[in-house]
Asks: 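Below is a structure I'd like to ask you about.
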Amino acid sequence: MGKKAIQFGGGNIGRGFVAEFLHQSGYEVVFVDVVPQVIESLSNNKSYNVTEISDEGEKTKTITNYRAISSKTDEPEVVKELATADVVTCAVGPNVLKFIAPVIAKGIDAREADRPLAVIACENAINATDTLRGHIEGHLDKARLDTLLKRARFANSAIDRIVPNQPANAGLDVRIEKFYEWVVEQTPFGEYGHPDISAIHWVDHLEPYIERKLFTVNTGHATAAYYGHNAGKKTIHDALADEKIHKAVHDALDETAALIIKKHGISKEEQKEYVDTIVQRISNPYLEDIVERVGRAPLRKLSRKERFIGPAAQLAELGMKYDALLGSIDKALRFQNVEGDAESFELSKILQEKSAAEATKQLTELETDHPLYRDVLRLVEKVQSEFESM
Ligand SMILES: NC(=O)C1=CN([C@@H]2O[C@H](COP(=O)(O)OP(=O)(O)OC[C@H]3O[C@@H](n4cnc5c(N)ncnc54)[C@H](O)[C@@H]3O)[C@@H](O)[C@H]2O)C=CC1
Ligand SMILES: O=P(O)(O)OC[C@H]1O[C@](O)(CO)[C@@H](O)[C@@H]1O
């Protein structure tokens, strides 16, 4: 039996990042999704193209050797595939992990293979695999929990690659930036050793990588998106061409860099190079990355451990500067009632219906005695008063 991986989420990252690299390492990929069109399209087309874009031009790779199953209509099939798979990955969105956990738990409980299933969540969230594991454990056969690690091993990951929204007629094909980083913990695999996926950079300690990525790439990307949306810009490239927004992005990344350098012992020079690289990446004009995609789901992005409150809270606790991050939070609070973005409508509702204190608590989960709390409360009050007067 050849190597088999189950990929939950046949979307941009699922097809354009995870499946590309699993395919490259000889895995058969079984996509699992809930959207019928995704399943149909993957089942009816035996290949699709991934086109890598960079300022050196474009390079196209053809992906084959995959299948697709709906976890909505064919759950028993998905369980059977999980019971004999080597790896399970997911790119469904951090808030969806709780919905894929039950079927993964059934698959783990059905396993008799001599090697545990490698579980690797590929989401923009810190320790997403631990979160998924927590949901899975709630659905496992309690009587067999003591043998869980013989049947599954759980490794957190940091994934970084920009996959913009695809052209309407793209079908399965994905246009994606050439740059990528996929860092995964290797220690959870212990004596079994990690799966052989050549694109992965295996590390013992992931935290420096995931915090650096989330608080640099995602903080910078989302800052550009929210300032850009607020200024009526179409793409991230357009936003960064505006010198005030370009400065706001660099100012926010100067603050997160100070935290990353202090906390993780990464050198100033190395972090500056990393920052310059991501500003260049996100302003890539060929990606045509619209600000509403990068700013999507503002409630998630304003939450406690995420790309703004996460670093700003740590900086406030250390008595370090976070004014620029307050600017990013201000613009994120104004990402309201954006067509197709349910969370942006929910954000507007919260700001209209709740008091500033209730809204601050609900959005950021900051305790009232946290050193960051008062500054964020003032931002919420300001945004509420401006929207009231509109
Ligand atoms: N787009 C990007 O540039 C990057 C995205 N990410 C992260 O990757 C994840 C996915 O992002 P995208 O691929 O852009 O989103 P996407 O919306 O293109 O793909 C998500 C896929 O998950 C599927 N899905 C939803 N619920 C499901 C369920 N219960 N079971 C199975 N499949 C389900 C959807 O049908 C869709 O096909 C997110 O966590 C995102 O933050 C990470 C790095 C880059
Ligand atoms: O995918 P999220 O979490 O909504 O964040 C948006 C952006 O952050 C990135 O994932 C950067 O890693 C972008 O590629 C992505 O479009």
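Counting convention: from 1, in listed order, for ligands and their atoms alike. Numbering of residues begins at 1 and proceeds along the displayed sequence. Basis for what follows: all heavy atoms, side chains included, without hydrogens, waters or symmetry-related copies.
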Asks: Numbering the atoms of ligand 1 from 1, which are under 4.0 Å from a heavy atom of G10?
Replies: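 Result: 37 (O).
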Asks: When only distance counts, is I13 in polar contact with ligand 1, meaning an N/O pair under 3.5 Å?
Replies: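 Checking ligand 1 against I13, an N or O pair does fall under 3.5 Å apart.
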Asks: Do you see a protein non-hydrogen atom under 4.0 Å from atom 17 (O) of ligand 1?
Replies: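 Given the 4.0 Å cut-off, atom 17 (O) of ligand 1 does not count as touching protein heavy atoms.
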Asks: Report the distance from atom NZ of K150 to atom CD1 of I108, rounding to the nearest 0.5 Å.
Replies: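 It is 15.0 Å, given to the nearest 0.5 Å.
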Asks: By number and element, which atoms of ligand 1 are closer than 4.0 Å to a non-hydrogen atom of I100?
Replies: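 Those qualifying, in numeric order: 28 (C), 29 (N), 30 (N).
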Asks: Check for me whether R153 meets the cation-pi criterion with Y192, that is, NZ or CZ under 6.0 Å from the six-membered ring centre and within 45 degrees of the ring axis.
Replies: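 Geometry flag: not set, cation outside 6.0 Å or 45°.
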Asks: Which protein heavy atom lies closest to atom 19 (O) of ligand 1, and at what distance to 0.1 Å?
Replies: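 Of the protein heavy atoms, G11 CA, 3.3 Å lies nearest.
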Asks: Between the side chains of T277 and R281, is a donor N or O closer than 3.5 angstrom to an acceptor N or O?
Replies: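 No pair is found: no donor N or O on one side chain lies under 3.5 Å from an acceptor on the other.
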Asks: What atoms of ligand 1 come closer than 4.0 angstrom to any heavy atom of V96?
Replies: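 Contacts of ligand 1 toward V96, numbered from 1: 26 (N), 27 (C), 28 (C), 29 (N).
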Asks: Any side-chain donor paired with an acceptor under 3.5 Å for E211 and Q314?
Replies: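 Yes, side-chain donor-acceptor contact under 3.5 Å.
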Asks: For atom 3 (O) of ligand 1, what's the nearest protein heavy atom and its distance?
Replies: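 Result for atom 3 (O) of ligand 1: V163 N, 2.8 Å.
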Asks: Would you call E123 a ligand 2 contact, heavy-atom distance under 4.0 Å?
Replies: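 Per 4.0 Å heavy-atom rule, E123 does not contact ligand 2.
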Asks: Which label fits Y226 and F335: parallel for a plane angle under 30°, tilted from 30 to 60°, or perpendicular past 60°?
Replies: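 Correct class here is perpendicular.
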Asks: How are the rings of F17 and W182 set relative to one another: parallel (under 30°), tilted (30 to 60°) or perpendicular (over 60°)?
Replies: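 The arrangement is perpendicular - the two ring planes meet at more than 60°.
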Asks: Would you say R15 contacts ligand 1, with heavy atoms under 4.0 Å as the rule?
Replies: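 Not so, R15 does not reach ligand 1.
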Asks: Taking the side chain as everything from C-beta on, heavy atoms only, tell me whether E181 gets closer than 4.5 Å to V217.
Replies: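 They are not in contact (no side-chain heavy atoms under 4.5 Å apart), so the answer is no.
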Asks: I need the nearest protein heavy-atom contact for atom 10 (O) of ligand 2: residue, atom name and distance, please.
Replies: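 For this ligand atom, the closest protein heavy atom is N124 ND2, 2.5 Å.
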Asks: Run the numbers for me: atoms of ligand 1, each under 4.0 Å from some heavy atom of R161, listed by number.
Replies: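 Those qualifying, in numeric order: 2 (C), 3 (O), 4 (C), 43 (C), 44 (C).
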Asks: Side-chain contact, heavy-atom cut-off 4.5 Å: N45 with Y66?
Replies: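 The answer is yes; the side chains approach within 4.5 Å.
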Asks: If you have a sec, work out which protein heavy atom is nearest atom 28 (C) of ligand 1 and how many Å separate them, to one decimal?
Replies: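 For atom 28 (C) of ligand 1, the nearest protein heavy atom is V34 CG1, 3.6 Å.
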Asks: Going by heavy-atom distance to atom 36 (C) of ligand 1, choose the closest among V92, D33, V78.
Replies: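 The option holding the nearest heavy atom is D33.
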Asks: Report the nearest protein non-hydrogen atom to atom 3 (O) of ligand 2: residue, atom name, distance rounded to 0.1 Å.
Replies: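 Protein heavy atom at minimum distance: R300 NH1, 2.8 Å.
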Asks: Consider only side-chain N and O atoms of S303 and E306, and report whether a donor and an acceptor are under 3.5 Å apart.
Replies: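 S303 vs E306: no donor-acceptor pair found between side chains.
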Asks: Using a 4.0 Å cut-off to any heavy atom of I162, which atoms of ligand 1 qualify?
Replies: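 Checking each atom against I162, I get 3 (O).
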Asks: I'd like the name of whichever of K72, E123, K98 reaches closest to atom 39 (O) of ligand 1 through any heavy atom.
Replies: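 Among K72, E123, K98, the closest heavy atom to atom 39 (O) of ligand 1 comes from E123.
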Asks: Taking non-hydrogen atoms only, is N218 closer than 4.0 angstrom to ligand 2 via side chain, backbone, both or neither?
Replies: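 Near ligand 2, N218 shows its side chain, while the N, CA, C and O stay back.
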Asks: For ligand 1, which atoms sit closer than 4.0 Å to a heavy atom of A91?
Replies: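 Those of ligand 1 that fall under 4.0 Å from A91 are 9 (C), 10 (C), 20 (C), 21 (C), 22 (O).
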Asks: Say whether D130 and N156, considering side chains only, have a donor N or O and an acceptor N or O under 3.5 Å apart.
Replies: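 Note: D130 and N156 side chains meet the donor-acceptor criterion.
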Asks: Can you find an N/O atom of N12 closer than 3.5 Å to an N/O atom of ligand 1?
Replies: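 Yes - when backbone and side-chain N and O of N12 are compared with those of ligand 1, one distance drops under 3.5 Å.
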Asks: Is R296 in contact with ligand 1, taking contact as a heavy-atom separation below 4.0 Å?
Replies: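 True for this residue.
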Asks: Any idea which atoms of ligand 1 are less than 4.0 Å away from a heavy-atom of V32?
Replies: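 Answer, ordered by atom number: 31 (C), 32 (N).
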Asks: Show the nearest heavy-atom pair for residues G11 and D33, with the distance to one decimal.
Replies: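 The pair with the smallest heavy-atom distance is N-OD2, 4.3 Å.
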Asks: D289 to ligand 2: N or O pair under 3.5 Å?
Replies: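 No: no nitrogen or oxygen of D289 is under 3.5 Å from one in ligand 2.
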Asks: Could you give the distance from CG (L315) to CD (E317), rounded to the nearest 0.5 Å?
Replies: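 Answer rounded to 0.5 Å: 9.0 Å.
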Asks: Heavy-atom contact under 4.0 Å between E306 and ligand 2?
Replies: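 Under 4.0 Å: no for E306.
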Asks: Heavy-atom pairs closer than 4.0 Å: do any link ligand 2 to the side chain of R161, the backbone, both, or neither?
Replies: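 Backbone only.
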Asks: Considering only heavy atoms, does D160 approach ligand 1 within less than 4.0 Å through its side chain, its backbone, both, or neither?
Replies: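 D160 to ligand 1: no contact under 4.0 Å from either part.
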Asks: Taking atom types as modelled, is there a side-chain donor on N49 or T60 under 3.5 Å from an acceptor on the other?
Replies: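 Distance-only check fails for N49 and T60.
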